[in-house]
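Take a look at the structure set out below.
Atom set for the values below is all heavy atoms of this structure, side chains included, hydrogens, waters and symmetry mates excluded.
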Amino acid sequence: MQQFSLWQVLVLAIVQGVTEFLPVSSDGHLAVVEPLLWNSNQPRPESLDLTIVLHLGTLGSILVFYRRQIFELLTDDRRVLWLIFLGTLPLVFIVLPLKLLLGDTFDLYLKNVLLAGFMLPVTGAALIWSAHSGGGNRDYRQLHWRDSLLIGLAQAAAILPGLSRSGSTISAGLGLGMTRKAAATYSFLLAIPALAGAGGYEVLSILRHGAQFSAAPGDLAIGAAVSFVVGLGALSVLSRVIERGRLSYFGWYCIGLGAVVVALNWPQ
């Protein structure tokens, strides 16, 4: 079986580390970038294991960057754990059944480049609106259970390629009157079970199908480390951008990229 080379793993790790946190859709970018890295005349390797290690890298970024807030969740803010549990339910009861029912068809659907092109401007519009709304004065600790479910629905919708998970959840939080900082913090706290669950699902898929490594084990480890370091940098950048109310920059980028992707992939 063909394998991803180290340079291909590094490119995908950088794309994953940057776009997992910046509100520009990691799945959308991976759907666009991954086909460019592989010779169209050769079959592309299954990348479940690569997906897992890159997600583990970005999950590690969240755990390190938000370590203080996570510690508070386990001590003084245990009520927020209940909110995060509720916010994760839409993924469990909407996305997981679709993956189980449709299997590989669902995965191919999520890698559809043309769909990513159409969804990127939707992300862009949400970010531009968020930048102008300014948010409110609520902290994430003040959310009600209905608020958490609504943010969770926004996260579940972001399974579509081109819809940013962080962009969707931060926009939803701002729409519910949260401060910019609180919306971003809650978005990434909510990402912890989402990323861990996605990784666990992919591990089970590998065990069930007995898939081989899509890259050398050492290259996979390097990819995880790169996505971790790049993810930390992306989180730092995003926190400053959000506090300054500059999300519209990412919004216009998504709209422009979406238009280019649609133009290049529109059926002839």
When rounded to the nearest 0.5 angstrom, what is the spacing between [atom1] in [X] and [atom2] in [Y]?
X    : Y    : atom1 : atom2 : answer
L235 : T58  : CG    : OG1   : 9.0 Å
F250 : T19  : CZ    : OG1   : 11.5 Å
L176 : R146 : CG    : CZ    : 11.0 Å
S61  : L195 : OG    : CG    : 9.5 Å
F4   : L10  : CZ    : CG    : 12.5 Å

Short question: side chain of [X], backbone of [Y] - any donor-acceptor pair under 3.5 Å?
X    : Y    : result
H29  : V15  : no
S26  : E20  : no
S171 : G167 : yes
T169 : I151 : no
T123 : G162 : yes
S239 : S236 : yes
N112 : L115 : yes

Distance-only donor-acceptor pairs under 3.5 Å for side chains of residues 215-232, two or more places apart:
| unit_1 | atom_1 | unit_2 | atom_2 | d |
| --- | --- | --- | --- | --- |
| S227 | OG | L54 | O | 3.3 |
| S227 | OG | G223 | O | 3.3 |
| S227 | OG | A224 | O | 2.9 |

Identified salt bridge (Lys or Arg N to Asp or Glu O under 4.0 Å) partner of E72 from the options R79, R78, R141: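 Of all the options given, the one that passes is R141.
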
Return the minimal non-hydrogen interatomic distance between [X] and [Y], and the atom names on each side.
X    : Y    : result
G17  : A234 : O-CB, 3.6 Å
S248 : A131 : N-CB, 3.5 Å
L160 : M119 : CD1-SD, 4.1 Å

Listed once per pair and sorted, the ring pair (Phe, Tyr, Trp, His ring centres under 6.0 Å) pairs that draw on residues 133-172, sequence neighbours left out: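 Not a single pair qualifies under ring pair (Phe, Tyr, Trp, His ring centres under 6.0 Å).
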
Kindly indicate whether the side chain of [X], heavy atoms from C-beta on, has any atom under 4.5 Å from the side chain of [Y].
X    : Y    : answer
F188 : L238 : yes
Y253 : L127 : no
V237 : F21  : no
I128 : I255 : yes
S164 : I170 : no
Y249 : V241 : no

Evaluate the criterion side chain to side chain contact (heavy atoms under 4.5 Å, CB included) for residue pair V261 and L114; output intermediate values, then yes/no. CA-CA 7 Å; V261 170; L114 187 59; 6.0 Å; no

Let me check something: any side-chain donor-acceptor pairs from residues 81-101 under 3.5 Å, sequence neighbours excluded? List them with distances.
| unit_1 | atom_1 | unit_2 | atom_2 | d |
| --- | --- | --- | --- | --- |
| T88 | OG1 | I84 | O | 2.8 |
| K99 | NZ | D107 | OD1 | 3.2 |

Can you hop from [X] to [Y] via hydrophobic side chains spaced under 4.5 Å?
X    : Y    : value
F65  : I192 : yes
L63  : Y186 : yes
V64  : I62  : yes
L22  : W129 : no
L149 : L189 : no

Looking at residues at least two apart in the chain, or sitting in another chain, which of them share a side-chain hydrogen bond (donor to acceptor under 3.5 Å, both in side chains) with R246?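 Result, side-chain hydrogen bond (donor to acceptor under 3.5 Å, both in side chains) vs R246: none returned.
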
Check side-chain hydrogen bond (donor to acceptor under 3.5 Å, both in side chains) between W266 and all other residues, then give those that pass, not counting sequence neighbours.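 W266 satisfies side-chain hydrogen bond (donor to acceptor under 3.5 Å, both in side chains) with no other residue.
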
Quick one, H55 with Q16, criterion side chain to side chain contact (heavy atoms under 4.5 Å, CB included). Give me CA distance, side-chain angles, the key distance, then yes/no. CA-CA 8 Å; H55 274 88; Q16 172 73 21; 3.9 Å; yes

When you look at L143 and M178, which way does the side chain to side chain contact (heavy atoms under 4.5 Å, CB included) test go after all the steps? CA-CA 9 Å; L143 289 175; M178 297 171 71; 3.7 Å; yes

Just grab all the salt bridge (Lys or Arg N to Asp or Glu O under 4.0 Å) pairs involving residues 164-185, residues at least two apart or on different chains.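 Non-adjacent pairs meeting salt bridge (Lys or Arg N to Asp or Glu O under 4.0 Å): zero.
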
